[in-house]
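So that the names make sense, note that chain A is the first sequence line, chain B the second, and so on, each numbered from 1.
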Amino acid sequence: MGKNLVIVESPAKAKTIEKFLGKDFQVTSSFGHIRDLKKNGISIDFKNNYTPIYEVPTDKKKLVAELKKKVADSEIIWLASDEDREGEAIAWHLCEELKLSTENTKRIVFHEITKEAILHAIECPRTIDLALVDAQQARRVLDRIVGFELSPVLWKKIKPSLSAGRVQSVAVRLIVEREREINSFVPIESYRVTGIFEIKDDKGVLSELNAELQNRFKTKKEAEQFLEKCKDATFTIADISKKPTKRSPSAPFTTSTLQQEAARKLGYSVSQTMMIAQKLYESGNITYMRTDSVNLSSLAVNTAKEEILSFAGEKYSKSRHFTTTSKGAQEAHEAIRPTYLNKHTIEGTKQEKNLYELIWKRTIASQMADAEMEKTTVSINISNSNEKFVAVGEVLVFDGFLKVYMESKDDDDDENEQKMLPPLKVNTVLPYKKIICTERFTQRPARYTEASLVRKLEELGIGRPSTYAPTISTIQNRGYVEKADKEGETRKYKSLSLIKGEIKELDNTEVVGTEKSKLFPTDTGAVVNDFLNEYFDAIINYNFTANVEKEFDLVAAGKLEWRKAIDKFYKGFHPLVEDSLQNTEKKVGERVLGTDPKTGKPVSVKIGRFGAVAQIGLATDEEKPQFASIKKGQSIETISLEEALELFKLPRQVGKYEDEEMIAAVGRFGPYIRHNGTFYSLPKDLDPLKVTEDEAISIIDAKRLADKNKIIKTFTEDTDLRVLNGRFGPYISKEKTNYKIPKTQKPEELSYEDCLAIIDKEGTTKPVKKGKYAAKAKKK
DNA sequence: CAGTGAGCGAGCTTCCGCTTGACTT
């Protein structure tokens with residue numbers, strides 16, 4: 001029916017654009033790529049100069065058929081996919097698959113979804129840029145080769161179903177290396193000196209001035225000597241200097257920065273943020289959420305200005321244009337911003353509202369004036385020493401963009417918090433209230449969070465906005481990395497205080513190294529990484545992507561044939577694959593820890609079929625070796641001989657209860673007590689190695705009581721049918737299937753017949769009960 | 001559901017980037 005058919009990538013985009021174009025235009029979407037390398041096998045014809053073998057994936061067949069129909073009904077086809085490598089390839093695949101002719105097919109691009117931009121695009125169509133398409137083919141083929149040649153090596157040499165790839169393997173490497181940096185980190189201690197001085201103003205009101213000594217002491221002795229001197233020193237204000245300082249707002253959000261800020265400010269995981277953002281995009285509240293651009297359309301800049309003028313005034317407005325600094329950015333879209341900047345808040349779930357507000361604030365702030373501060377530095381001389389105390393204060397003179405938005409930092413360090421200073425004069429003599437030397441330690445590097453890993457990948461130019469979240473899932477699903485919490489350790493530190501001419505020494509403790517939702521490498525992750533590092537350093541090198549991107553750029557510029565680029569790569573890469581297959585033993589990360597004092601046999605750790613395992617003896621020994629699984633939080637890299645030997649102490653006999661043995665052990669679901677064939681979970685505060693007979697008995701009794709309370713009713717007619725009390729309230733259980741009790745009926749008063757009636761009714765409304773893993777299997 | 005750690009060795013697994021649903025609890 002329509003004369004013109006416009007094909008874009010996203011259906012939400014299609015809806016918006018259709019409104020801008022007249023009746024003669026029908027706008028539809030391709031839902032991303034419609035064609036890809038064949039799913040099974042490498043699907044690259046190596047004998048035929050690396051010709052890719054493409055197919056329409058099954059879930060896209062219906063869509064392609066519909067597109068074909070629409071194309072047949074239209075006169076002119078406009079391909080409006082994004083203006084980047086992937087977008088150009090999408091347009092080309094559409095051409096190929098829909099058999100579009102060059103004369104009635106027009107390629108158009110726009111970077112922002114505004115009426116002007118789209119009408120302008122319609123006026124200057126071009127043809128498909130085949131060089132850019134070739135760059136995409138090179139990228140696609142290279143990734144397939146790397147992934148499908150490396151992974152099988154891992155299946156053979158380490159464990160089946162593992163994977164490797166240009167992006168994921170680098171992500172794992174970052175985490176493994178960081179963990180090793182942390183393990184080998186040796187903190188260096190020093191003594192930090194702070195002085196609290198008393199100051200009287202004109203009216204005689206007393207206030208305090210906090211200052212820090214400019215240098216630290218390496219040893220306790222030096223700190224002590226310093227305090228000795230302070231006993232009879234005079235402290236005089238030597239200098240007061242005031243300096244204006246400024247702070248500028250950050251650029252509007254990209255995918256990566258949105259993920260980081262949403263994690264810090266709202267506590268969302270990377271994938272959570274993307275799901276919420278998708279909702280906001282689909283409801284028309286924000287622009288596209290997968291972008292590497294910090295650019296705002298002129299329309300957005302103007303409306304932001306109007307908005308700022310209306311709620312804050314002229315002084316607060318400053319139009320800014322940001323340019324990207326990230327490597328490999330392709331900038332096919334705008335930054336992530338509210339579609340309508342006059343909407344301060346939106347309708348939706350709590351999470352959607354929160355994320356929207358974050359985006360609104362960040363966008364608005366980016367168009368606001370700098371915040372202005374006045375920084376005051378006061379230096380205090382010590383009469384008998386060349387050391388100097390310095391107090392720093394900062395006063396906000398003009399809030400500027402801080403009126404709406406303050407960016408969070410990963411390492412919130414309030415040690416250096418700057419405050420307002422009391423009024424001061426040069427040459428004033430300050431009596432001290434106390435001077436404290438505190439032992440401090442250098443800090444180990446921080447483990448990655450999901451969001452900080454994304455930032456690092458972006459910095460290295462590895463991965464794209466659409467793949468950050470999936471990459472993080474992949475490395476966790478493969479068992480290379482775990483998101484976990486870690487309890488901190490207590491550390492002792494000393495402090496010396498000088499109060500009223502008396503020096504006192506104190507022993508203090510602090511908890512350090514507490515981690516929440518951080519990424520830890522697993523043993524498999526470490527072994528896979530080391531293997532790849534040994535044989536394929538060229539691929540998991542941090543610069544590999546940057547280097548191949550340079551080649552792809554040459555291809556896109558028409559200066560290099562894509563097949564030549566791939567050939568050059570493959571001639572170097574494939575021999576490494578062959579070499580690693582032929583010249584390596586199986587890698588299980590084995591480490592010998594020492595000898596078992598009881599048997600004199602060697603104790604070792606390695607990756608077994610079911611995960612990390614400790615072993616006493618050798619497989620070649622006459623007697624079979626003993627095995628024990630390694631506990632969660634332990635690693636084959638760091639476990640000590642003592643810790644490994646501990647593992648063999650379980651299962652252990654705790655004692656007897658009702659003439660039956662009680663056995664303590666650690667199973668798949670944590671520590672437990674087994675008694676007479678039943679399992680009782682151990683609470684967190686009880687150690688299976690130390691739990692006593694009495695404690696075990698009380699656990700068994702407690703569980704029995706809870707189970708007794710669980711049963712509301714049983715029936716003589718059918719012992720398998722029971723009315724039970726569960727987590728979500730009372731329910732009926734029969735043959736391992738549970739049924740909801742209607743609110744109109746009281747569970748205590750149900751008769752056997754009532755129950756059967758409920759089962760009958762519920763059973764028809766709900767389909768056959770599926771296993772826990774049914775959904776998972778289907779997903780595949 | 002709380003175990004396993006050798007073995008016949010079939011037949012399978014896997015990449016990165018573009019896009020959204022269609023399934024249940």
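In this structure, A/G611 reaches the bases: a heavy-atom distance under 4.0 Å links it to at least one base atom across the strands shown. Using a 4.0 Å heavy-atom cutoff across all strands shown, A/A12 reaches no nucleic acid atom at all. Within the nucleic acid shown, A/G32 comes within 4.0 Å of at least one base atom, counting heavy atoms only. If you check every strand for non-hydrogen atoms under 4.0 Å, A/G87 touches nothing. At a threshold of 4.0 angstrom between heavy atoms, the contacts of A/L162 are confined to the sugar-phosphate backbone, with no base atom among them. As judged by a 4.0 angstrom heavy-atom cut-off over every strand, A/Y288 is placed among residues touching the sugar-phosphate backbone only. Residue contacts for A/R139: at a heavy-atom cut-off of 4.0 Å it reaches a base atom on one of the strands shown. At the heavy-atom level, A/V167 lies under 4.0 Å from the strands shown only through sugar-phosphate atoms. A/Y680 comes within 4.0 angstrom of nothing in the nucleic acid, heavy atoms only. The residue A/T474 sits close only to the backbone: its heavy atoms come under 4.0 Å of sugar-phosphate atoms, none of a base.
Per the geometry, CG belonging to A/L647 stands 14 Å off C1' belonging to B/dG5, to the nearest Å. As a whole-Å value, the separation of A/R35 CZ from B/dT19 C1' is 17 Å. At whole-Å resolution of the value, CG in A/L63 and P in B/dA22 are 13 Å apart. To the nearest angstrom, P of B/dC16 lies 13 Å from CG of A/D36. For A/I34 and B/dC18, the CD1 to C1' distance is 12 Å, given to the nearest whole Å. Atom pair A/R85:CZ and B/dT19:P shows a separation of 14 Å (rounding to whole Å applied). Across the protein-nucleic acid pair, A/L150 atom CG and B/dC16 atom P stand 10 Å apart, rounded to whole Å. Residue A/L650 contributes atom CG, which lies 11 Å from atom P of B/dG3 at whole-angstrom precision.
Ion pairing between a basic and an acidic side chain is recognised when a charged N comes within 4.0 Å of a carboxylate O; A/K690 and A/E695 show no such pairing. A salt bridge between A/R107 and A/D129 is absent, with no side-chain N of the basic residue lying under 4.0 Å from a carboxylate O of the acidic one.
Considering only side-chain atoms of A/S161, the nucleotide from B/dT13, B/dC18, B/dG17 that sits closest is B/dT13. Distance from the side chain of A/D143 is smallest for B/dC16 among the nucleotides B/dG5, B/dC16, B/dG3. Residue A/P152 has its side chain nearest to B/dT14 when only B/dT14, B/dC18, B/dT19 are considered. Comparing atom distances between the A/H333 side chain and each of B/dA2, B/dT19, B/dC15 picks out B/dT19 as nearest. For A/P160, the listed nucleotide lying nearest its side chain is B/dT13; candidates were B/dG21, B/dC15, B/dT13. Here the side chain of A/H33 is nearest to one of B/dT19, B/dC18, B/dG21, namely B/dC18. Looking at the side chain of A/R478, the nearest of the listed nucleotides B/dA2, B/dT14, B/dT19 is B/dT14. Among B/dC18, B/dT20, B/dA2, the nucleotide with an atom closest to any side-chain atom of A/E9 is B/dC18.
Where A/A164 and A/G608 meet DNA chain B, the nucleotide closest to each residue was compared, and A/G608 sits on the side nearer the 5' end. If you find the closest nucleotide of DNA chain B to A/Q330 and to A/E149, the one lying nearer the 5' end belongs to A/E149.
Between the side chain of A/E112 and the main chain of A/E334, no donor-acceptor pair closer than 3.5 Å is present. In terms of modelled atom types and a separation under 3.5 Å, the side chain of A/K13 and the main chain of A/Y288 share no donor-acceptor contact. In this structure, A/D82 contributes its side chain and A/D84 its backbone to no donor-acceptor pair below 3.5 Å.
Within the structure, a side-chain polar atom (N or O) of A/T467 is placed less than 4.0 Å from OP1 or OP2 of B/dG17. Applying the 4.0 Å criterion to OP1 and OP2 of B/dC18, one finds that A/R290 has every side-chain N and O outside that range. Put simply, A/Q278 has a side-chain N or O that comes within less than 4.0 Å of OP1 or OP2 on B/dT20. Listed pair A/Q168 / B/dC16 meets the phosphate criterion, a side-chain N or O lying under 4.0 Å from OP1 or OP2. Contact check, A/Y468 against B/dC16: no side-chain N or O comes under 4.0 Å of OP1 or OP2. For B/dT20, the OP1/OP2 oxygens have a side-chain nitrogen or oxygen of A/S10 closer than 4.0 Å.
Both thresholds, 5.5 Å between centres and 30° between ring planes, are met by A/W155 relative to the base of B/dT13, so the two rings are stacked. The aromatic ring of A/F148 is stacked on the base of B/dT14, with the two ring centres less than 5.5 Å apart and the planes inclined by under 30°.
Between the side chain of A/S163 and the base of B/dT14 there is no donor-acceptor pair of N/O atoms closer than 3.5 Å. The base of B/dC18 does not come close enough to the side chain of A/R464 for any donor and acceptor atom to sit less than 3.5 Å apart.
Contact of the A/K159 side chain with the A/L154 side chain is not registered, since no non-hydrogen atoms from C-beta on lie closer than 4.5 Å.
Aromatic ring orientation, A/Y50 versus A/F46: perpendicular (interplanar angle above 60°, classes split at 30° and 60°).
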Evaluate the salt bridge (Lys or Arg N to Asp or Glu O under 4.0 Å) criterion for residues A/R591 and A/D523: first the C-alpha distance (whole Å), next the side-chain angles of each, then the deciding distance (0.1 Å), finally the verdict.
CA-CA 12 Å; A/R591 204 162 74 84; A/D523 286 312; over 6 Å; no
Determine, stepwise, if the pair A/E86 / A/R464 fulfils salt bridge (Lys or Arg N to Asp or Glu O under 4.0 Å).
CA-CA 11 Å; A/E86 297 297 327; A/R464 304 279 311 131; over 6 Å; no
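A heavy atom closer than 4.0 Å to some atom of DNA chain B occurs in A/F627, A/S629, these being the qualifying members of residues 620-634 of chain A.
Qualifying side-chain contact (heavy atoms from CB on, under 4.5 Å) partners for A/K61, counting only residues two or more places apart in sequence or in other chains: A/V56, A/T58.
The side-chain tip of A/R139 does not point at the ring of A/W562 from less than 6.0 angstrom away and within 45° of straight on.
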